[in-house]
Novice: 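Pasting a structure below so you can have a look.
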There are 2 protein chains.
Amino acid sequence: MAHRPKNTVLLETASIDRDSFEPAYAQLANILRQNMVEGLLRPGSQLPSEAQLVERYGVSAMTVRRAINILVDQGVVTAEQGRGTFVKPVTLSAATFQLGQLENLFGNREGTNVQLLETRIVAADERVARKLAIHEGKRTIYMRRLLWNDNEPAFYHREYLIYDPTRPIVEAELEVTALQQLFSGTSEARSETGITSSLLKHGEISMEATLLDEEEARLLKVLQPMAAFCFEHLFYDFDDKPVSWGWFIGRADRLRFTTQVGLINA
Amino acid sequence: MAHRPKNTVLLETASIDRDSFEPAYAQLANILRQNMVEGLLRPGSQLPSEAQLVERYGVSAMTVRRAINILVDQGVVTAEQGRGTFVKPVTLSAATFQLGQLENLFGNREGTNVQLLETRIVAADERVARKLAIHEGKRTIYMRRLLWNDNEPAFYHREYLIYDPTRPIVEAELEVTALQQLFSGTSEARSETGITSSLLKHGEISMEATLLDEEEARLLKVLQPMAAFCFEHLFYDFDDKPVSWGWFIGRADRLRFTTQVGLINA
DNA sequence: AAGTGGTCTAGACCACTAT
DNA sequence: TAGTGGTCTAGACCACTTT
């Protein structure tokens, strides 16, 4: 016996229900996580080896691996080749905040709507030209919108869009560009018309905390000084050319991102 | 022929290199993603069926499934049983911001250090008692710290810790609780002493944008009014009892979270 | 040499969707 | 009924770590 599997107790009497709707790999992953939740498997300790799990739960090696891969992807264990699989300790830096949370916040889609404040053609100044990778002075579409939720202004959105008659960036896309997406959530790929021809290939989004300026405070109906979240976004088409640059500003006292780290049930 | 696989062209001449270090499933996932990046596979369009991919790339069905699962996990495609697998359009709300980004920001670990401003025993007021689920008036450990980066104060951290002689929450844990974690990144499970006995089971973290108050501004050496990020954290032990409640406040002009959505190379 | 994670296959079977 | 994604197995082989 070369490698002594130290304190690797074989845990719990729970077993796989072959008649369940839940796949065996998912059941096993949950059993293992439950063992961690209950403290039978503490941070730093080693999981039973794959061979042991195969025996104990009567599933194939592939199924065990898949279960463990899930836990690895979830960030609760690390698998080290030749050594074993270990429970990871809780880490602050593992926290991730999802922009999609805002959709829940804007829950009642009835009460949310978009007010177009202004849309006009403007010449790109140095900053806009740089962001959109066009020449200074070229024409762009400038839009200002106010997003309402429950009869309160929630976000002030400003956006510059490429204006190029040779590029198909017209009306339809204007709507899609960013706003619909924010609310439409996972944005089902299936459209009723058949084809969802998104022109957008990818985008960069950044988040900052800022102070509202006078205009922003007025539109959002709050008093200065007021902290705010600012989400800047830059979207590209399939030629990797920028098509849209803009930013959302929302009053901080209405926004809060939360997340969990470590071993949570279910 | 029942279900016509519409415009499903079999793509690209790229193929799997069996001698590569990169596993076949990863190579296939990358080939497929590359097809999306290049625009051969647009949002809404259907991927070749698994059977087709098996034939085209000469790998087993399991390998194909694993490749596709990766793309599903990455959120770039959706797989619908009985229908097919489709490319997802870009979505703003898919953006996720990782707290771990701060570690890169605090890159030079040489230049970062922690200054303990104060530590004392205080009686829990109503708010602290509620957060830590103890009785008002019970003793807690209150700590104030300043986190420096490049000879600049970056974060001001305040924290209340359970003070209970019957619970092992002593000195060693004080250090670990949150700070080490913020800097130590993935926080390797392997400690030199052998056992990493983290007492923390899980935690909740929330992010807000706020204004610095007078004391915070003074300590962080900035002028009011100044926007700031506030990260509140509440950690629990393996009995699901709170052990630590506190918050980091950092000047907003030094912090920026960025992320990408959609189809990115590599 | 023994034990560990990691990859891969060939084929079976199931559940769902479209026609 | 044919095509689709989804699960599962038994066994082979490899690479790494420990003793």
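We name chains A, B, ... by the order of the sequence lines, and we start the count at 1 in each one.
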Novice: Residues two or more places apart in sequence or in another chain: which of them pass side-chain hydrogen bond (donor to acceptor under 3.5 Å, both in side chains) with A:Q81?
Specialist: none

Novice: What residues, two or more places apart in sequence or in another chain, satisfy side-chain hydrogen bond (donor to acceptor under 3.5 Å, both in side chains) together with B:Q74?
Specialist: B:R33

Novice: So does A:R18 get a side-chain nitrogen or oxygen closer than 4.0 Å to the phosphate oxygens (OP1/OP2) of D:dT9?
Specialist: yes

Novice: With B:R66, which residues qualify under salt bridge (charged side-chain N to carboxylate O under 4.0 Å, His left out), at least two apart?
Specialist: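 Salt bridge (charged side-chain N to carboxylate O under 4.0 Å, His left out) check on B:R66 returns nothing, list empty.
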
Novice: What's the CG-C1' distance between B:L53 and D:dG3, to the nearest Å?
Specialist: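 Spelled out: CG on B:L53 to C1' on D:dG3 is 14 Å.
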
Novice: Can you list the residues that meet the side-chain hydrogen bond (donor to acceptor under 3.5 Å, both in side chains) rule with B:E22, with sequence neighbours excluded?
Specialist: B:N30

Novice: Considering residues at least two apart in sequence or located in another chain, which fulfil the salt bridge (charged side-chain N to carboxylate O under 4.0 Å, His left out) criterion with B:D73?
Specialist: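 B:D73 satisfies salt bridge (charged side-chain N to carboxylate O under 4.0 Å, His left out) with no residue once adjacent residues are dropped.
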
Novice: Are there any protein N/O atoms within less than 3.5 Å of an N/O atom in nucleotides 5-7 of chain C, and if so, which ones and at what distance?
Specialist:
residue : atom : partner : partner atom : Å
C:dG5   : OP1  : A:T85   : OG1          : 3.3
C:dG5   : OP2  : A:E50   : N            : 2.8
C:dG6   : OP2  : A:R65   : NH2          : 2.2
C:dG6   : O5'  : A:R65   : NH2          : 3.2
C:dT7   : OP1  : B:Y25   : OH           : 2.5
C:dT7   : OP2  : B:R66   : NH2          : 2.9

Novice: Roughly, in whole Å, what's the span from CG in B:D19 to P in D:dA15?
Specialist: 11 Å

